[in-house]
Every structure is written in structure tokens, then in C-alpha cells.
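Here is the naming used below: chain letters follow the sequence lines, and residue numbers restart at 1 for every chain.
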Amino acid sequence: MKYQAPEIERKWQKVWEERGLHTTDLNSKKTKYYALVMFPYPSGDKLHIGHWYNYAPTDSFARYMRMRGMNVLEPMGFDSFGLPAENYAIKHGVHPKKSIAHNIATMEQQLKATGAMYDWSKEVVTSSPEYYKWTQWMFLQLYKRDLAYRKQAPVNWCPSCQTVLANEQVQDGTCDRCHSQVTKRDLTQWFFSIRQYGDRLLEFGGLQWPEKTKLMQQNWIGRSEGAQIDFELEADKDNEIRGTGEKVTVFTTRIDTLFGCTYVVLAPEHPLAQKVATKKHRTEVQEYLESTRRKNDIERSSEEREKTGVFTGGFAVNPVNGEKVPVWVADYVLASYGTGAVMAVPAHDERDFAFAKKYKLPIRTVIKPRVGIAKEGEPFTENGLLLDSGEFTDLSSEEARMEIVKFLEEQKKARFTVSYKLRDWLISRQRYWGAPIPIIICPKCGDVPVPEKDLPVILPDDVDFEPKGDGKSPLASCPEFVKTRCPKCKGPANREVDTMDTFMCSSWYFLRYVDPQNDKAAFDPKMVKKWLPIDLYVGGPEHACMHLLYARFFTKVLYDAKLIPFDEPFTRLVHQGMITKDGAKMSKSKGNVVSPDSFVTQYGSDVFRMYLMFMGPFTEGGDWNDRGITGIARFVDRMWTLINALHAEKDSPELVRELHQTIKKVTEQIEVFHFNTAIASMMELLNATTQSGMSLKSKKLFVQVLAPFAPHLAEEAWEKLGAEFSIFETTWPKFDYKLLQSATFELVVQINGKVRAKIPAEVGITKEEAIEAALSQPGVQTQLKGKKRLKEIFVPDKLLNMVVGE
RNA sequence: GCCCAGGUGGUGGAAUGGCAGACACGUACGACUCAAAAUCGUAUGCCGCAAGGCGUGAGGGUUCAAGUCCCUCCCUGGGCACCA
């Protein structure tokens with residue numbers, strides 16, 4: 001009798017829904033377990049293999065936790081604002097509101113067909129006014145805490161998406177959505193001060209996160225300890241510095257090399273770059289500043305490109321020895337990092353060295369290796385001992401870094417500081433499909449936040465949302481939206497027309513799931529206290545330095561505002577791997593997309609999900625292969641045959657041992673997301689029953705263990721075996737250590753580390769007995785002929801290694 | 001360039017320092033069948049008729065014993081990239 005997957009799956013999905021099996025009672029006294037997957041954005045209208053690969057195994061884990069007695073919450077929702085949804089709408093000539101409603105409806109049906117136990121009563125859709133009202137409220141909380149500010153700055157601009165991008169959304173100088181080259185624009189934009197949280201975001205105490213992800217965030221935050229040093233600018237009758245007492249502050253991590261500084265470099269955007277230029281050099285400097293402004297990031301940071309720069313004519317004074325050094329402007333110095341100015345030490349820095357060589361600037365060695373000598377013709381960039389450095393000579397780099405700063409600190413010419421690569425989070429977007437920024441710009445009062453009682457600031461429907469290439473938000477062309485009154489002075493004012501980065505929506509959605517219908521608050525603090533932080537969060541590693549960082553930032557801000565009692569949102573984080581086709585990422589443009597639908601129709605969702613889990617370790621992903629799925633299909637059919645076969649009277653001790661080994665293995669492997677080996681052990685157990693069959697009692701245990709992996713099959717089998725609905729309300733089987741023990745084992749006999757015999761032996765035999773047994777083996781005897789026995793290594797109940805020599 | 005992760009049969013992959021290749025795909029042969037498919041059974045790392053030998057990217061080392069630990073190098077994937 002073949003297992004009829006489609007019918008049976010439909011049957012149980014209906015029963016589960018009717019009986020409300022997947023509706024989590026948030027007020028239950030049972031221990032809570034919050035299992036969450038990163039919610040999808042409904043930009044296409046279908047679930048692809050990546051969704052399945054992410055969601056199905058996570059659901060299996062959640063089902064397992066449920067059987068472990070936890071009150072599991074597994075919610076689902078849609079991240080429906082943003083560029084992908086908007087671009088889809090533009091392409092299909094539909095209003096995004098319509099297209100996402102359609103796509104969500106389709107995806108909901110497909111998600112239900114996976115058989116996952118999502119609690120749809122807690123669904124969240126971020127583009128609904130009921131939701132984005134609170135996203136805007138979040139903005140106001142940050143604003144209140146002085147963590148949101150508007151500033152004119154050079155920002156990343158994607159000419160194709162017609163919007164600015166956060167630093168995190170630029171990859172290799174291109175837009176992470178459309179891969180167009182990103183250019184720079186000077187715009188006034190809203191930022192969040194995530195940099196202020198740099199140090200706290202570096203802490204991962206107690207979090208079960210992949211080391212790799214923590215490292216990626218640490219590298220992205222890029223904390224460096226160093227010092228700022230002030231170089232006074234030499235007054236020159238020819239420049240604008242004269243009489244102003246201006247100074248250049250540089251940032252360095254290598255204060256120990258200060259005596260080797262032979263020039264100072266300003267970034268082209270540095271405010272002093274023009275001022276310091278003398279009359280003679282002014283034209284040249286101006287031209288250089290112009291030319292760098294025209295270049296994009298790629299051109300500016302290209303490795304092959306030679307460094308360029310110009311001498312300003314100005315000089316700065318090295319505070320440690322009063323030496324006058326020339327001031328240059330060069331675009332190898334970044335305006336956005338440190339102070340936008342550096343002291344150049346060509347002898348001990350690769351970049352300064354290359355620049356000094358090109359422009360024939362002096363190179364002065366002030367650090368020597370502790371042992372040996374430095375290589376000729378290249379900079380020595382490691383720590384060492386100081387040379388020709390006045391009273392600091394002979395100190396180690398480490399000591400000198402402390403001493404020199406202390407010395408200059410007394411004269412107020414230096415101080416210890418910390419720099420971060422992390423930049424503040426730019427959240428303004430010049431696009432239509434997002435939550436409007438709740439700010440009113442009043443000609444009298446300036447930026448005024450929209451009062452909380454006036455939220456949400458509704459995104460108008462009737463707007464020509466297609467970008468017109470003027471770099472302005474489409475909302476700017478909607479006077480009904482723009483024209484408003486200032487909440488303070490009641491005079492006429494304009495609304496901010498930019499919308500918020502979608503990452504704002506996803507930075508707090510996990511709080512909303514536990515109280516999704518609340519129209520008085522973003523969430524009920526009692527519910528959040530009970531249900532968060534999230535026990536398990538599963539999603540792709542590509543979010544390491546975006547969503548995951550932003551969500552941590554938001555959580556810390558809400559914690560500081562005493563709105564929530566925890567400051568880390570995700571206790572355990574797991575990344576799924578990527579499914580490829582012929583080694584390549586699946587994409588519509590490559591035409592190598594594998595659709596789950598036909599496989600689900602043919603084999604059922606149980607088989608499909610189990611195959612995805614069986615392919616390899618969950619975190620590794622893998623290459624899709626049509627053929628392998630038959631292995632799982634056979635397993636399911638044979639399982640079904642076993643269920644329906646006559647129950648054996650009694651199981652052999654070996655089969656009982658095998659059963660308990662399987663329970664143990666599956667339990668252990670599921671905990672660490674090694675679903676592939678868990679399934680393999682169930683296959684072994686099934687293989688062991690082909691001759692003997694299985695007793696009813698054992699079958700039930702077997703089916704329970706299988707349940708998280710093949711929920712429909714298990715529920716049907718549970719019924720077939722005469723047990724009461726639902727298998728998911730039963731308790732996960734325990735394995736019995738006593739039953740795992742065997743009276744005999746196979747003694748492995750090695751000679752000089754090579755296996756020469758395997759002897760059945762009784763558990764607990766002594767070394768002497770083992771040697772005796774080994775010597776009786778003909779194979780061992782041949783190997784020992786003419787050799788001297790030197791010693792034996794005996795591993796009880798496992799192995800005997802005989803070491804022999806001539 | 002820097003920082004991670006990884007390299008195991010024809011394929012996906014498995015192995016707390018203790019039998020390399022579990023489990024599965026594929027392949028071959030057999031059973032069933034008029035036949036095919038499906039199913040079931042047997043075999044399947046490589047060389048060799050065999051005894052045996054060789055095998056976890058390469059080369060060294062530690063150890064009674066190394067896929068696993070250490071060193072050097074090569075390759076693949078991911079992240080960062082003029083961050084001073």
C-alpha cells in the first residue's frame with residue numbers, strides 16, 4: 001500500500017487548523033519557547049527553495065521543542081515595505097499595496113502547505129498602517145533620546161534605485177539590490193547614532209551565536225584604540241591660517257611612530273584642506289579637490305590605482321619635537337574615519353610608504369625589530385623598539401604608546417581615543433514604498449517630531465510613485481501629504497517627504513508578534529517580558545552586519561529607555577546554508593531556479609522537507625540534485641509499510657537497543673541542527689526492521705521520533721496505530737541508558753596501528769584476556785611471526801593495539 | 001592584502017585522537033514480470049586473480065594510534081578592504 005501524501009497532508013492541515021493546534025496560548029504557565037525565522041519579503045509571489053530550506057527545518061526544530069514540553073511560539077509575517085516590493089509593483093504596473101496583498105495571499109497558502117505550525121493569529125505585515133504606526137513611534141523614541149539627527153553629508157546614492165543607501169547596503173561599491181555603481185551625493189538626511197553603541201554591540205556575553213557572525217560584526221564595527229594628536233598649523237602670510245591658531249588633529253593607533261612622521265595628510269573633504277593652501281598652491285589644491293569629488297568610491301579605492309595627492313604649501317608642527325612637516329591633501333585618507341587627517345610615517349606604514357616614494361618625501365626609520373633586522377626597501381609595520389625618538393628611544397612600541405600620549409596629554413596636545421569603522425545608520429530613503437518619517441519641517445520651529453497621538457503619518461495611496469530621476473522622494477510631489485501645520489506653532493509647515501529604510505521595520509517586528517493587535521502601544525510590556533528574548537532565531541548569514549546589527553541596536557536603545565527588560569534580542573542564532581544549482585546561486589536571470597512546487601505535488605511536503613534536511617548539515621546548504629529525493633520517498637514508503645504491517649509480538653534485544661540508540665541520536669543531532677544524521681539514524685532503524693518487523697509499542701516510539709521531520713505522516717501513522725490525536729501533544733520519547741548497553745562487543749585488534757582482526761568479545765574483558773584472544777587469531781599470528789612484541793595498548797571494550805618490532 | 005570557514009569514493013555526505021567512507025544517490029548483477037516500471041536482494045574507495053598493498057588537497061611533525069592535534073604550503077567559498 002503506497003502512502004498517499006497529498007491527500008493525507010491536506011487532511012491533517014485541515015484538522016490542525018480546525019482544532020487550533022498551532023495557536024499558541026501566550027498566557028499559558030508552561031515554559032515558553034520562542035522560535036523565529038527571518039520573515040520573508042513578498043517581492044515575488046512564490047516560495048522558493050531558499051524559503052523552504054530555511055523554514056521547514058526550523059519548523060521541525062520547533063515541533064521537537066513542543067514535544068519536549070515547551071509552549072512554542074512560531075509566528076510568521078511579511079516584511080512588505082521596501083524596494084523589492086516596490087520594484088515588483090513598478091514592473092507589473094500595479095500599486096504596491098495591491099501587489100503585496102496578492103503576493104502575501106499566495107505565499108500564505110504556500111506556507112500553510114508546508115505543514116509548518118505557524119500561528120497565523122499573530123501575523124504581522126509591516127506595510128499596514130497598524131504596524132508602521134509603531135515603526136514611526138520607534139523613530140520618535142530614538143529622536144527623543146537624541147539618537148536621530150538630520151545632517152548634510154556625502155552619502156551613497158544608487159542611480160538606478162534612485163535613493164540613498166546605508167553604508168551596510170553598499171557592496172564593493174555597488175548597490176546590494178541592483179548592483180549598479182554607487183555614487184556620492186551631498187544630501188541632508190536622517191541618521192541614527194548607532195556609533196554610540198559601538199562598544200556595547202561588541203559584547204556578545206552569553207549569546208549562542210556562530211563565532212563567524214560575531215567576528216563579522218566585530219570587524220564591521222572595527223574598534224581601534226589609539227590617540228588624537230594636535231599638530232599646530234604654521235602661520236603663513238600666504239594662507240588663511242594666519243593668526244587663527246588653527247590646528248590639525250590626526251588619529252593614529254601607532255603613536256610610537258610619531259618621531260617618524262615626515263608629513264601630514266588631510267582627506268580632500270577635510271574642512272582645513274582649502275584653508276591651509278598657500279596662494280602659490282591654491283589653484284592646484286582646488287583642482288585636486290574637484291577631481292576627487294567627481295570620482296566614485298570604486299575609482300577612489302581601487303587597489304591598482306596609484307595614490308594621488310598634492311602639497312598644500314602649508315606646514316604643521318609635530319608636537320613631540322617641534323619639527324615642521326609639510327601638509328598634503330590626498331584621497332587615500334578617508335574623511336569618514338578618525339579625524340579625516342593622518343600623520344604620515346612612511347617608514348612604518350604601507351600606504352604612507354608608497355605615497356612617500358611616489359612624491360619623494362623623506363622616510364625616517366624610528367622602530368627596529370626586537371630581534372634581527374628589518375627588510376630593506378619596505379616599511380616595517382610591526383611593533384618593535386624605538387630608535388631616534390628623543391627621550392623615548394629604546395622603549396618598546398607598547399610602552400612608548402602610553403608614554404608619548406601621557407607626555408603630550410599634559411600639554412593638552414594629545415589624548416587617548418577610540419575610533420570605529422562603523423558609521424551612523426542612514427535611514428532616509430527617497431522612495432515611495434516605506435513608512436514616512438514622522439517629522440514636520442516648520443519654517444519657524446525647525447524640525448518638529450509628529451506628536452505620538454497623531455501617528456500614524458499615513459502613506460498616501462494616490463501618488464505617482466515611479467522615480468522621476470530628480471532624486472526627490474515621490475511624496476514631495478503630493479501636496480496633500482506635504483502641506484500640514486506645525487504641531488508647535490500651528491503655522492503652515494511641510495512634512496518630511498523621505499521614507500524610512502525597511503530595516504527599521506525588521507528591527508523590532510519580533511516584539512510585535514507577541515501582541516500584534518495592540519492599537520494602544522507597540523507591544524504590551526508584560527507580554528514582551530514573558531516571551532522575549534527570542535530563544536532561537538534562524539536566517540541567512542547575509543544579514544550579519546545589517547538586520548542583525550540593527551535589531552541589536554534597537555533592542556539596546558529600548559532597554560536604555562526602560563521599555564524592555566533585556567538588551568539582546570536573539571539568544572541563539574543559527575544560519576542556514578545556501579542551496580545552489582550546479583554550484584551557482586539560483587536566480588531568475590540565470591534561469592537555474594528550482595521550484596519546490598512540482599516536487600511537493602509529486603512527493604508531498606514531508607518528503608520534500610526531509611530531503612532538504614537530509615542533503616547535508618543545515619548550516620552548509622548544498623547543491624540541489626533532483627535525483628536524491630527518491631531516497632527519502634523510499635524511506636517514507638517503507639515506513640508506511642512498517643506501520644501497516646502486522647505488529648511483532650516482541651522485539652529482539654538488538655532491535656530495542658537500536659531503537660533507543662536512534663532516540664538518543666535523533667535527540668542529540670536535532671539539538672545541534674544536524675538533521676541529516678538524525679534522519680540517517682532513523683533509516684538505520686528502519687533497515688533493521690525489514691526482517692523482524694516491530695512491536696506496536698516500539699512503532700509508536702519510532703513514529704514519535706519521526707514526527708518533527710514528517711509531521712503529516714506521523715500524525716496519520718499515530719492514528720493508524722490507534723493512538724489519540726495529536727502526536728504533537730505527546731511527550732518526546734526518552735532513551736534508556738540500560739537498554740543501550742550490550743553484553744558483547746567487537747574487539748578491534750591492531751598491530752602497529754593497523755587493523756588485523758576483529759574478535760567478538762564480552763564487555764569487560766581484561767587486557768590479558770584480550771591479548772590471549774588476539775594471539776589465537778591466525779591473521780595476527782602471521783603478522784607476529786619473527787617479530788618481537790614490545791607492548792600492548794588496551795582501550796577497554798574497544799581496541800587492542802600490539803606494538804611489535806624486529 | 002587582512003580575517004573566517006572548508007578541502008574525505010562516481011555524487012550528497014558520516015566519523016568524543018581508537019575499525020575511514022555510516023546513511024543515501026548512482027552503478028552492476030540477481031529475483032519478481034510476457035515485458036518494462038516499481039519493489040525486493042547482493043555487491044560497490046582505488047590497485048590486485050589472490051595474498052596483500054595504497055588511500056581523507058600537498059609536504060613535514062607529535063603519538064602506540066591522526067581525516068581529527070601542531071608547522072609550512074596549495075586550492076575553494078564567505079566577509080572586510082587605503083579604517084592610519
### Message
Check the orientation of A:F608 and A:F599. Use parallel for under 30°, tilted for 30 to 60°, and perpendicular for over 60°.
### Response
parallel
### Query
What residue among A:V265, A:L266, A:V250, A:V264 forms side-chain contact (heavy atoms from CB on, under 4.5 Å) with A:V333?
A:V265
### Query
Touch check for A:V755, heavy atoms < 4.0 angstrom, all strands: base, sugar-phosphate only, or nothing?
sugar-phosphate
### Query
Looking at the angle O4'-C1'-N9-C4 for a purine or O4'-C1'-N1-C2 for a pyrimidine, is B:G9 syn or anti, with syn meaning within 90° of 0?
syn
### Message
Partner lookup for B:G6, please. Criteria are Watson-Crick or G-U wobble with both distances under 3.5 angstrom; report none if nothing qualifies.
### Response
B:C75
### Counterpart base for B:C82, defined by Watson-Crick or G-U wobble contacts under 3.5 Å
none
### Message
Does the structure show a Watson-Crick or G-U wobble partner for B:A20, both distances under 3.5 Å? Name it, or say none.
### Response
none
### Partner nucleotide of B:G67 by Watson-Crick or wobble geometry (both distances under 3.5 Å)
none
### Query
Mapping A:D349 and A:C545 to their closest nucleotides on RNA chain B, which lands nearer the 5' end?
A:C545
### Task
Taking the six-membered ring for Trp and the full ring for Phe, Tyr or His, determine whether the centres of A:F355 and A:F353 are under 6.0 Å apart.
no
### Task
May I ask which nucleotide in the shown strands pairs with B:A35, Watson-Crick or G-U wobble, both distances under 3.5 Å?
none
### Query
Taking the side chain of A:N801 as its heavy atoms from C-beta onward, which of B:G18, B:C3, B:A14 lies nearest to it?
B:G18
Quick one: which protein N/O atoms are closer than 3.5 Å to N/O atoms of nucleotides 26-32 of chain B? Pair and distance per line, please.
none

### Query
Which is true for A:K758 with a 4.0 Å heavy-atom rule: it touches a base, it touches only sugar-phosphate, or it touches nothing?
base
## Note on the structure
Paired to B:U56 by Watson-Crick or G-U wobble criteria (both distances under 3.5 Å) is none
